[in-house]
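Data block below; observations after.
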Amino acid sequence: MKIKLYYEKIRDIRLFIMLVNFMAVLFVNSVIIITTTKVCENYKARDFLNSMDTITWKPIYGLIWSLIIIALLIVSSYFREIVFEDNIVFTYGSLSFDFIISVILIFVLGFNFNGILFMVFANMISYAKGNKGKYILISIALISYLFTDAKLISLSYRIYDINDYFAYYDSNTHQYLVILLNLLISLNIMLFIIYCIFLIQKQQGTIEEINSLNSEIQKANADLKNANDQLEKYAKITEHMGETRERNRLAREIHDTLGHTLTGLSVGIDACIATVDVAPDATKKQLENLSEVARNGLIEIRQSVSELKPDAIERLNLDSAITKMITDMKSITDVEIFFDCKVDQMKFDEDEEMAIYRVIQESLTNAVRHGKAKKIWIVMDKTDYMVNLEIKDNGIGCDNIISGFGTKHIAERIRMLGGSVEFSSDKGFCVKAQIPIRWGEEYD
Amino acid sequence: MKKYKWRIIAGAVIVIALITVAIFYNHKQRNTLEVAIFAGSYWDVANANSYVIIDEAISRFEEAHPGVTVHYYSGIRKEDYSEWFSRKVLTGDEADVFLILGEDFNEFAELGVMKNLDSFIKNDSSFDESRYYETSLKSGQYQGNQYGLPYETVPTLMFVNKSLLNREGLDVPENNWTWDDMYNICEKVTRDFDGDGILDQFGTYNYGWTEAVYSNGANLFNENGTKSYFNDEKVVEAVKFTKKIADLNNGTRVTKDDFDAGNVAFMPLPFTEYRTYKTYPYRIKKYRKFQWDCITLPAGPNGGNVSAVNSLLMGISNRTNNEKLAWEFLKLMTYDSQTQSEIFEYSQAASAIKSVTESQKTADILAEDMEKNEKVIDNKVLSKMIEYGAVTPKFSKYNDALALADNEINDLISNGDNVENSLRILQRQITAFLKR
């Protein structure tokens, strides 16, 4: 609001400066033409020439050229401000043009009025970026004003003096004419100063506006931070709730599977205790049943345990998770593990990462538990759409590969992703898995 | 953009139309050469043929430059010329080529009315400035630059009343006579006939201190008007001599009537008057009661038979649109042998071109209208007088400074006693005036 008000004021002052300048230019020209006519009418031409320092340009030409230059200045500012409003090339071009024709106008007026420079610089300054540019232009304006001063120029060049024309009239008229010209000159300078003050105030207005906007942004930032903190708190609470839920689920799971099995087992064993002396055969059969139940329970527990995610992968990325797993493994056993990863970006979809992690985890467990291996090599490699995983050990291996919980589990997971797995046992156990990777999300 | 399209097109059309008009107007102007001259003679003698020379020159010029028209306003009198021309200067309508009155030259050169001709002179290979008399050429210079070229030039002669000298048993002096010769003659002829105690016959009329200064080889000012030399020995001698001559008259004022009545032996006279009143038809109008002749001015002890040479100058406007044509026309008027020869025929002045003034044709023209028994002035002598004549320096304060000096010195001649002292005081005054 404030800036817009300033903008309008500045525009008004600029228009006013233009008006004053055009009036002064026409005033100088009129004085020359009217005085010349009067001098000629009164047969005073020779005496009048005597009083002059040099001759003027043809007075009527002076008027015509002044009018042409004024018209050009109006046209130039019209095009600059209305037609090619945002054309930088035109803006700077037309401002330079203004400056040049104004200097010509000053020549035409015989340096008797050089205030037109203020008008040109008022326009220039309004386009200058930043206060520094404005100050530079203001100084240039003042310097060129000083250097086009009639008294200064008259030291090196012969120029006619408008005061010689004023001096033709009687002292009263003479005085009025001098006052009128000086009034126009002073008014012009005053307007220019007011204009500069307004411009600088406008600039300050802009700064204030920016400052207030800035503080608003800071306030919003603080609010956001606050909200973020609260959100974090909520997240912690939610996490805690998740933990509780998970614990409940585990409890339920344990209760459902282990509880069920153990209950059955304890009841069956109680029955066996009661019947062992009476009917040993029946008891033996019963114990075999119980053994079966216990085994089944164990399977069920394994299944439910397998659904629990490994802790590491949840927090870390795949690379670090694998590294951590290997480090952990090294710390509790005396196995040497070599991990050779040829994949640049270990970032895949969650299920793919999970599969890779699991395959390595199971293979390592198997190698240690069943193969009694001392050295394990893990090689990870990637072709276009496939991650090739090879885990090899120097353990005892096994002649007959049993589809146990471990291997079966590996095979199942990989099949779910549409990949393939191969187990072989020759001088140790070897797992070769090919896991297809979904394209496109690789570079996310 | 689109909504301004028609405005832009309209603006462009107007601008193009204005430029076309301006070019057309300019082209038309370029083919017309304006000349400013005045009617009659510059030298205040009657002249019935004032436009003959220019009309002739224009017709030759137009013939040589097809499509060019030369125009001048006729009927402007010499008395009105300065004001008329000043008006034209003020309104910016002055002619391309114009005559410059002597009293206007310094002012106009200072104001920049005339174009500096130095570059024309330098660049025109067909122009040889040494054809002019140096004195005449110098009179068109202002602060070392040529602003005008001499159209006519006029030396000052000494009018001798032959009848008076004969009556007194004296011969007309030779052309190499001196101040002493003049003083002796003046002393002899200054007389009171009727014995009423008032002198009736005089030695000189109008012989001023400046004439004496010129013929004693003295300068009053330097070229730029920054220095004056009024206490110079030669100037002192000249003023003393003038005072000595004036003292012969015992305070009686010699008038024009005395001269016209044939009671004065000598009077400085411009060459133009000699030409006018020595020849038909004007000879019957003036100085017909006695026989008269013209000789050089007497030489001072440090100078020669030198007198002032005046020139009527012609210049080119500083604001002319066709300076090339203007220069050509200026040359035709001031440099062309034919035009300059016509000056002897139709005007009463002399040509500033040495070869023209010294030519046999000129000698014939000078002899043409003379009566058989009259002694005709030799054009070789005339040429020498112009060549060695004195030219007044050109600076803006010259007229005022000279008027100031003239006033003081005339007072000194008629009333003063200590010439040296008075001139020292005057020197200080003039120096102060020049510095102001």
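So you know, we letter chains A, B, ... as the sequences are listed, proteins then strands, and number each from 1.
- Evaluated for a side chain to side chain contact (heavy atoms under 4.5 Å, CB included) with B:Ser86, the options A:Asp47, A:Ile55, A:Val39, A:Leu49 yield exactly one hit, A:Leu49.
- Of the atoms belonging to B:Asp80, not a single heavy atom falls under 4.5 Å from chain A.
- The 12-atom threshold is exceeded at CH2 of B:Trp84, counting heavy atoms of other residues, nucleotides or ligands nearer than 6.0 Å.
- Annotation: A:Ile88, atom CD1; neighbour count of heavy atoms from other residues, nucleotides and ligands within 6.0 Å does not exceed 12.
- Contacts between B:Phe85 and chain A at a heavy-atom distance below 4.5 Å are absent for every atom of the residue.
- Environment of CZ in A:Phe16: sparse, with no more than 12 heavy atoms of neighbouring residues, nucleotides or ligands closer than 6.0 Å.
- Taking CD of B:Glu83 as the reference point, atom SG of A:Cys40 lies at 7.5 Å (rounded to 0.5 Å).
- For a residue to count as touching a neighbouring chain, one of its non-hydrogen atoms must lie under 4.5 Å from one of that chain's; by this rule A:Phe48 touches chain B with the side chain only.
- Enclosure of atom NZ in B:Lys331 by more than 12 non-hydrogen atoms of other residues, nucleotides or ligands within 6.0 angstrom is indicated.
- Put simply, CE on A:Met52 and CD on B:Glu110 are 13.0 Å apart, with the number rounded to the nearest 0.5 Å.
- Side chain of A:Arg46 to main chain of B:Tyr81: no donor-acceptor pair is present (N/O by atom type, distance under 3.5 Å, no hydrogens or angles).
- No more than 12 heavy atoms of other residues, nucleotides or ligands shown are found within 6.0 angstrom of OH on B:Tyr73.
- Crowding of B:Lys88 atom NZ: a count of heavy atoms from other residues, nucleotides or ligands under 6.0 Å exceeding 12.
- Atom OH of A:Tyr145 has more than 12 neighbouring heavy atoms from other residues, nucleotides or ligands inside a 6.0 Å radius.
- The OG1 atom of B:Thr91 sits 11.0 Å away from atom CD1 of A:Ile33, with the distance rounded to the nearest 0.5 Å.
- Heavy-atom distances place both the backbone and the side chain of B:Arg87 under 4.5 Å from chain A.
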